[in-house]
Amino acid sequence: MKKITLICAALFIAVAFVVSCSDNQPANNNTSATDNSTPPPAKVETVLPDTSTPAGTAVYQRTCIVCHQPDGTGMEGAYPPLAKSDYLMKDKFRAIHQVLTGSSREIVVNGKKYNGAMPKQVLKDAEVAQVLNYVYHSWGNNGPLVSSADVKAVRDTMPK
């Protein structure tokens with residue numbers, strides 16, 4: 001089991017490295033070409049809980065899919081399911097914190113133990129909100145809405 005966990009972790013880190021080195025980052029469409037001012041917070045914070053939005057799907061595909069699988073079922077004993085997860089649904093701020101800081105401790109999801117390490121994700125606040133909204137509204141989940149402001153609030157509590 002440890003060998004599978006290490007292989008998955010190594011594969012995940014390799015994929016994350018390749019993606020982070022890519023120049024194919026989506027353009028920021030929050031401002032127009034003629035408006036150089038900072039967009040109002042409402043525009044930055046608004047993330048619709050629509051699983052068909054490409055942004056949340058894309059973030060999930062490049063950062064989460066290797067371990068949590070395309071259908072959100074995870075990997076028995078190592079990586080917990082995100083689909084119909086009691087752990088995930090219990091506290092959105094804990095979920096945000098876990099995405100930002102990673103985790104190496106054992107957790108219990110739907111009555112089963114999982115001990116796979118999750119590396120911290122280097123994502124912008126909007127990307128964290130988008131991916132969590134994707135997860136919270138996929139695979140039969142009916143979770144809360146996560147905003148960029150929620151992510152910033154959690155990030156602001158973390159040591160610098």
Side-chain angles (χ1 to χ4, degrees), residues 1-22 26 44-160:
M1 182 59 73
K2 287 184 180 183
K3 190 174 186 179
I4 292 172
T5 301
L6 290 174
I7 291 169
C8 287
L11 180 59
F12 178 82
I13 291 168
V15 169
F17 178 77
V18 170
V19 170
S20 69
C21 293
S22 171
V44 174
E45 294 171 20
T46 303
V47 180
L48 299 175
D50 177 1
T51 60
S52 65
T53 59
T57 305
V59 174
Y60 185 83
Q61 289 176 342
R62 75 173 194 259
T63 60
C64 314
I65 201 167
V66 171
C67 297
H68 295 289
Q69 303 300 296
D71 59 359
T73 56
M75 297 175 72
E76 188 75 30
Y79 302 106
L82 301 176
K84 300 178 182 134
S85 166
D86 61 351
Y87 183 87
L88 178 67
M89 294 299 152
K90 189 169 186 178
D91 185 348
K92 80 174 181 179
F93 295 102
R94 177 179 62 192
I96 293 167
H97 190 268
Q98 194 154 353
V99 170
L100 294 174
T101 63
S103 176
S104 60
R105 64 182 179 84
E106 183 176 88
I107 63 171
V108 177
V109 178
N110 300 336
K112 295 182 181 177
K113 293 180 181 181
Y114 294 87
N115 58 14
M118 178 179 157
K120 72 178 183 176
Q121 303 302 307
V122 182
L123 299 170
K124 297 175 184 172
D125 292 354
E127 292 173 309
V128 173
Q130 290 162 348
V131 74
L132 284 172
N133 282 318
Y134 171 76
V135 169
Y136 273 129
H137 298 93
S138 295
W139 316 299
N141 290 339
N142 188 18
L145 180 64
V146 177
S147 70
S148 296
D150 293 333
V151 178
K152 182 181 181 320
V154 172
R155 195 183 295 274
D156 287 347
T157 67
M158 297 168 39
K160 306 239 186 286

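Predicted model only: the values in this text are computed from it and were never measured.
- The side-chain heavy atoms of V59 and R62, taken from C-beta on, include a pair separated by under 4.5 Å.
- Here salt bridge (charged side-chain N to carboxylate O under 4.0 Å, His left out) pairs that include residues 131-148, with residues two or more places apart or in two chains, number zero.
- Counting all heavy atoms, side chain and backbone alike, C64 lies closest to V131 at SG-CG2, 4.0 Å.
- Heavy-atom minimum distance, Q69 versus T73: CB-OG1, 4.0 Å.
- A donor-acceptor contact shorter than 3.5 Å is absent between the side chain of N133 and the backbone of L145.
- Take K90 and apply the side-chain contact (heavy atoms from CB on, under 4.5 Å) test, not counting sequence neighbours, and it matches R94.
- Contact record, A83 with N141: C-OD1, 3.7 Å, taken as the closest heavy-atom pair.
- By the salt bridge (charged side-chain N to carboxylate O under 4.0 Å, His left out) test, K112 pairs with E76, sequence neighbours left out.
- Partners of Y60 under the ring-ring contact (aromatic ring centres under 6.0 Å, His included) rule, at least two apart in sequence or in another chain, are Y134, W139.
- Formation of a donor-acceptor pair under 3.5 Å by the Y114 side chain with backbone atoms of P81 is not found in this model.
- Taking the side chain to side chain donor-acceptor pair (under 3.5 Å) definition, one finds that D91 meets it with nothing, sequence neighbours left out.
- Residue pairs meeting the salt bridge (charged side-chain N to carboxylate O under 4.0 Å, His left out) criterion with at least one partner in residues 141-154, sequence neighbours excluded, are K92-D150, K152-D156.
- Residues L123 and R155 come closest through the heavy atom pair O-NH2, 3.0 Å.
- A heavy-atom distance below 4.5 Å is found between the side chains of P119 and Q121.
- Counting heavy atoms from C-beta on, the side chains of Q130 and S148 never come closer than 4.5 Å.
- In summary, of the residues considered (I107, N110, L82, V108), a side chain to side chain contact (heavy atoms under 4.5 Å, CB included) with Y87 occurs for I107 alone.
- Considering only heavy atoms from C-beta on, V128 comes within 4.5 Å of L100 through its side chain.
- Of the possible polar contacts, none joining the D86 side chain to the V109 backbone as a donor-acceptor pair under 3.5 Å is found.
- When all heavy atoms of S103 and Q98 are compared, the closest pair comes out as CB-NE2, 3.3 Å.
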